[in-house]
Amino acid sequence: MAAELHANSHRDRAGGATAGEQRSPAEQTATGLPALKLLIALVGIHALYPHQARALPLTAIDFTRGRLTLGDIDHPLDAFTPQAAVDYIHLRHQRWPHTRNPHVFISSQTAHTRAPVTTGWMQPLLRGLPVTAQQLREDRILEEAAVTGADPQHRCAVFNITPETGLRYTRFFHPDPTGSDDVSGCNMETS
């Protein structure tokens, strides 16, 4: 799913398919749901952990520089993410024009506080998707591993993961011939 959104981020700004193209299932699911669209972009393209996306400050999306920055993370923005962010921030401002909550995602419970949304806010948003947010993140990292030749140092630098986690992704593509490193069906990350 992350690959579909990332590959289709060139689509027109209105979110629809360009002439002669069909929208991916991921895009169809996110249509009309700006929060879901942005959450998919943050987790499925930029590989933020779900808790990082929920607590993301507004200042982390730098439209001027075209960057997503959060702690050690400093990613260039693709074409899909800024539009998804604009759509959600516009909706956010319409619903809660006077909120002082510093987080990107807010709800009716958090709009009048400074707290981030909870997993209880995120889970219903993701209901109906064929993957969890964590699986979406893992899919994005696996996609990057496939494209870059499974270089664990590259993944560690790009996705701010530990060397051990980077090696688990490598083993997915280059399993131990003895079979002792079977990673099929397991979570790639421990945190």
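All values below come from the heavy atoms of this structure, side chains included, with hydrogens, waters and symmetry mates left out.
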Exercise for the section: Output, in order, the C-alpha distance, side-chain angles, deciding distance and verdict of side chain to side chain contact (heavy atoms under 4.5 Å, CB included) for D74 and R65. Expected result: CA-CA 11 Å; D74 186 2; R65 291 181 41 235; 4.1 Å; yes
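- Minimum heavy-atom separation, W96 to A111: CD1-CB, 3.3 Å.
- The distance from the CD atom of Q83 to the CG atom of D78 is 11.5 Å, given to the nearest 0.5 Å.
- Between L70 and P57 there is a side-chain heavy-atom pair separated by less than 4.5 Å.
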TODO: Show your working on side chain to side chain contact (heavy atoms under 4.5 Å, CB included) between L126 and L39 and close with a plain yes or no.
DONE: CA-CA 9 Å; L126 296 170; L39 184 62; 3.8 Å; yes
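- Nearest heavy atom pair, residue G166 against residue C156, reads CA-SG, 4.3 Å.
- Atom-to-atom distance recorded for R54:CZ and L125:CG is 12.0 Å, nearest 0.5 angstrom.
- Residues M122 and V117 fail the side-chain proximity criterion, which asks for heavy atoms closer than 4.5 Å.
- With rounding to the nearest 0.5 Å, the separation of CD1 in I73 from CZ in R67 is 12.0 Å.
- Closest approach of R137 to A47, counting heavy atoms only: NE-O, 2.7 Å.
- Of the N and O atoms on the side chains of D139 and Q135, not one donor lies less than 3.5 Å from an acceptor on the other residue.
- A donor-acceptor contact closer than 3.5 angstrom is absent between the side chains of T110 and H103.
- The closest side-chain heavy-atom distance from L38 to I89 is not below 4.5 Å.
- With hydrophobic clusters built from ILVMFWY side chains whose heavy atoms lie under 4.5 angstrom apart, I161 does not share a cluster with L167.
- Around CZ of R95, the count of heavy atoms belonging to other residues, nucleotides or ligands within 6.0 Å does not exceed 12.
- Within a 6.0 Å radius of CD in Q94, more than 12 heavy atoms belonging to other residues, nucleotides or ligands are found.
- A distance of 3.5 Å separates CD1 in I141 from OH in Y169, rounded to the nearest 0.5 Å.
- For the atom pair D62 CG and L77 CG, the distance stands at 8.0 Å (nearest 0.5 Å).
- Closest approach of R155 and A145 over heavy atoms only: NH1-CB, 3.5 Å.
- Side-chain contact check for E138 versus V131: every heavy-atom pair is 4.5 Å or farther apart.
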For this session: Applying side chain to side chain contact (heavy atoms under 4.5 Å, CB included), run through I61 and L56 and close with a yes or a no.
Result: CA-CA 9 Å; I61 302 173; L56 189 71; 4.2 Å; yes
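- The existence of a salt bridge linking E164 and R168 is excluded, since no basic side-chain nitrogen approaches an acidic carboxylate oxygen closer than 4.0 Å.
- Listed by chain and number, the residues in a ring pair (Phe, Tyr, Trp, His ring centres under 6.0 Å) with F105 are Y88, W121 (sequence neighbours excluded).
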Candidate pair I40 and L129, rule side chain to side chain contact (heavy atoms under 4.5 Å, CB included), full reasoning:
CA-CA 10 Å; I40 288 173; L129 293 183; 4.3 Å; yes
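- Minimum interatomic distance between N101 and T99 (heavy atoms only, all atoms of both residues): N-OG1, 3.1 Å.
- Considering every non-hydrogen atom in both P50 and V43, the closest pair reads CA-CG2, 4.4 Å.
- Between T81 and L68 the shortest side-chain heavy-atom distance does not fall below 4.5 Å.
- Side-chain atoms of R114 do not come within 3.5 Å of backbone N or O of P102 as any donor-acceptor pair.
- With rounding to the nearest 0.5 Å, the separation of CD in Q52 from NE2 in H46 is 12.5 Å.
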